[in-house]
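Heads up, the thing below is written out as structure tokens.
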Amino acid sequence: MHTPTPTSERFRVVGAIGATGIIVASMVGSGIFTLTGKFGALVGSDRNVLAAWIIGGVLALAGGLSLAELGAMIPCSGGSVEFARRAFGRTTGYLVAMVTILSGYFLSIAAVGLMLAEYVNKLAPEPLPLKAIAIAAIVLAFLSQLPGLRAGYAFNTALSVLKVAFVAAFVAAGLLWPFEGRMEPTAGALAAAPGHGLFSAAVASATLAVSFAYLGWSTGADIAGDIRRPGRNVPLSILSAIGIVFVLYIGVNLVYLRVMAPLAMTEPDGGPMQAIGAVTATRLFGATAGGLMAGVIALLFFSTMVSGTITAARILESMAHAREIPAWTGVRRASGVPLRALAVTVAASLACLAIGNLDDIFGLLTVLVNVFSSLSVAAVMVLRRTMPDAPRPFRVPLYPFTPLLYLALAGWSIAASVAEGGWKSVIASLATVAALLIIKPLLTLGSPR
């Protein structure tokens, strides 16, 4: 069994606040201002909308508690991958790493860059090429990390504070601001609405979508190699971030439900509402506020890109140390900046911009991403058995119920989603695993073992 990526104590520059900031930045993106509009009319009731976000929060908490124990026990770069590698072997660890870095970071950074570009164009006097804006944002996120470890994390923390402050202000104003009245569905929409129970496939599918808005709670374990006093600060930052994000997410959804009924969350053509955040802001505060929302959402996107760039570099470090990619990728500069891993991240993210519809790719890989993220959580149960004497500064409360709850909820949402959407995503996932195994020897061709 190999040891995790070694970390010099002088590289541990991040305290609890900075670590909480990067986890919050990773979790809070566009999802909170778009997702509810996409599934609100499908689940059909206030109860079901809130249920999807509450179950998603419980899922994040159960998973976060599990990784908090492992991150405090094995504080290294790319912890979520290292845990799966130790628990289930090198091949499984490699697959978890590759799916995480490709879907969770390279493709995601490119997709978020394109979404940021769309919002920038809402503010620009003349439309600009979307890919040019996305390229500029990806490169700027990379450049923000070059001055040094402390400066890079401080920049991310500042963006996180702005992000939390804006969302909190939106919630407070949205719950208190007077407005004309709640948007209700048309009589036709009301008559045609299916009645979905709390445990229906529609709610399960919505929960699966919501789980992606909560993703990012594993970031605390992935940057644990840079965190001071990891036995204390890794669990503290993970749990604090999940708590903050949960309160913000429920608050935002209460604002949406105050302004419109779920069955009214549709576009004029009857399709799902694409920009519920902007629609809500416009209805509450007027057209000017709707325009301002576009600028703020662009800032939220950029914050997510910065945190994603930071975390992706740490996962690449873990892969390099495990010889899953060339070892030179994981070498840091004397200042502690993982320049080579950052450069690979920005290059791969830019390359992903050349791919077609990124949303379609994410849809096909949904099952795979959730299965492999579940393996990182399940590792806590395996490592309790195989590493019983390892020091554990933090232990999962209510073990083994907590990780089992995560695995049960994740399994339920995945199975229900497959039942509703067919086997296309399963076939795509199996094909992806096969392709990753085929290219595995090529990734380190010529590298010393």
statement: In short, Ala137 meets Phe302 closest at the heavy-atom pair O-CE1, 3.6 Å

- prompt: Do the non-hydrogen side-chain atoms of Ile297 and Leu116 ever get within less than 4.5 Å of each other?
  reply: no

- request: Please determine, by modelled atom types, if Asp222 and Ser80 share a side-chain donor-acceptor pair under 3.5 angstrom.
  value: yes

CD1/Ile17: more than 12 non-hydrogen atoms of other groups inside 6.0 Å: no

message: Quick check against the 3.5 Å criterion: does Ser205 have a side-chain atom that pairs as donor or acceptor with the backbone of Ala202?
response: no

- prompt: Using a distance-only test with no angle check, is there a side-chain donor-acceptor pair under 3.5 angstrom linking Lys440 and Thr91?
  reply: no

query: Side chains of Glu118 and Leu130: closer than 4.5 Å at any heavy-atom pair?
result: yes

query: Is there a donor-acceptor contact under 3.5 Å from the side chain of Ser240 to the main chain of Ser237?
result: no

field: N/O donor-acceptor pair under 3.5 Å between Ser103 side chain and Thr100 backbone
entry: no

task: Given side chain to side chain contact (heavy atoms under 4.5 Å, CB included), test Ile22 with Thr157 step by step and report yes or no.
output: CA-CA 7 Å; Ile22 192 171; Thr157 300; over 6 Å; no

task: Kindly determine whether Met381 and Leu407 satisfy side chain to side chain contact (heavy atoms under 4.5 Å, CB included), including the steps that lead there.
output: CA-CA 11 Å; Met381 295 188 290; Leu407 296 174; 3.5 Å; yes

Full working for side chain to side chain contact (heavy atoms under 4.5 Å, CB included) between Ile276 and Thr34: CA-CA 6 Å; Ile276 188 171; Thr34 58; 5.7 Å; no

- request: Could you tell me whether the side chain of Thr304 and the main chain of Val28 form a donor-acceptor pair under 3.5 Å?
  value: yes

message: Given 3.5 Å as the limit, does a donor-acceptor pair link the side chain of Lys163 with the main chain of Ser303, or not?
response: no

task: Supply the atom-to-atom distance Leu59 CG to Thr207 OG1, rounded to the nearest 0.5 angstrom.
output: 8.5 Å

query: Is Thr20 close to Asn233 at the side-chain level, that is, under 4.5 Å between some pair of heavy atoms?
result: no

task: Taking all non-hydrogen atoms of both residues into account, name the closest pair between Ala221 and Gly71 and its distance.
output: CB-CA, 4.4 Å

message: The test is ring-ring contact (aromatic ring centres under 6.0 Å, His included); show your working for Phe33 and Phe170 and say whether it passes.
response: CA-CA 11 Å; Phe33 292 113; Phe170 178 83; 5.8 Å; yes

query: If you measure only the distance, is there a donor-acceptor pair under 3.5 Å linking the side chains of Thr36 and Trp53?
result: yes

message: Assess the residue pair Phe394 and Arg232 against the criterion (side chain to side chain contact (heavy atoms under 4.5 Å, CB included)); give the C-alpha distance rounded to whole Å, side-chain angles, the decisive distance to 0.1 Å, and a yes or no.
response: CA-CA 8 Å; Phe394 175 84; Arg232 170 187 179 272; over 6 Å; no

- request: Identify the two heavy atoms, one from Glu324 and one from Gly93, that lie closest to each other, and give their separation to 0.1 Å.
  value: OE2-C, 4.0 Å

- prompt: If only atom types and distance count, is the side chain of Arg90 paired as donor or acceptor with the main-chain N or O of Ala322 below 3.5 Å?
  reply: yes

- request: Keeping the roles fixed (side chain from Thr402, backbone from Pro397), state whether a donor-acceptor pair exists under 3.5 Å.
  value: yes

field: Which atom of Arg392 lies closest to which atom of Met387, heavy atoms considered
entry: NH1-O, 2.9 Å

message: I need the Leu353 CG to Ser349 OG distance, nearest 0.5 Å.
response: 8.0 Å

- prompt: Heavy atoms, side chains only, cut-off 4.5 Å: are Met273 and Thr266 in contact?
  reply: no

message: Quick check with a 6.0 Å cut-off and a 45 degree axis cone: is Arg85 positioned over the face of Tyr94's six-membered ring?
response: no

- prompt: Hey, are the side chains of Met305 and Ile138 touching, using non-hydrogen atoms and a 4.5 Å cut-off?
  reply: yes

query: Does Arg340 use its side chain to pair, donor to acceptor, with the backbone of Val331 at less than 3.5 Å?
result: no

- prompt: Rounded to the nearest 0.5 Å, how far apart are CG of Leu146 and CZ of Arg333?
  reply: 7.0 Å

query: Are Arg86 and Ile74 side-chain neighbours, meaning at least one heavy-atom pair lies under 4.5 Å?
result: yes

message: Between Tyr406 (side chain only) and Gly64 (backbone N and O only), is there a donor and an acceptor less than 3.5 Å apart?
response: no

query: Hey, are the side chains of Pro75 and Arg12 touching, using non-hydrogen atoms and a 4.5 Å cut-off?
result: yes

task: Would you check if the side chain of Glu267 reaches a backbone N or O of Gln274 as a donor-acceptor pair within less than 3.5 Å?
output: yes

task: For residues Gly57 and Phe246, report the shortest heavy-atom separation together with the two atoms involved.
output: CA-CD1, 3.8 Å

field: From Ser66 atom OG to Tyr399 atom OH, the distance as rounded to the nearest 0.5 Å
entry: 9.0 Å

query: Could you state the interatomic distance from CG (Asn253) to CG (Leu248), rounded to the nearest 0.5 Å?
result: 11.5 Å

task: For the pair Arg332 and Asp226, find out whether any cationic side-chain nitrogen is under 4.0 Å from an anionic carboxylate oxygen.
output: yes

- request: Could you pull out the closest heavy-atom pair between Ala87 and Ala379, with the gap in Å?
  value: CB-CB, 3.7 Å

statement: d(Leu70 CG, Met73 CE) to nearest 0.5 Å is 5.0 Å

message: With heavy-atom distances below 4.5 Å as the criterion, would you say the side chains of Val96 and Ser376 are in contact?
response: yes

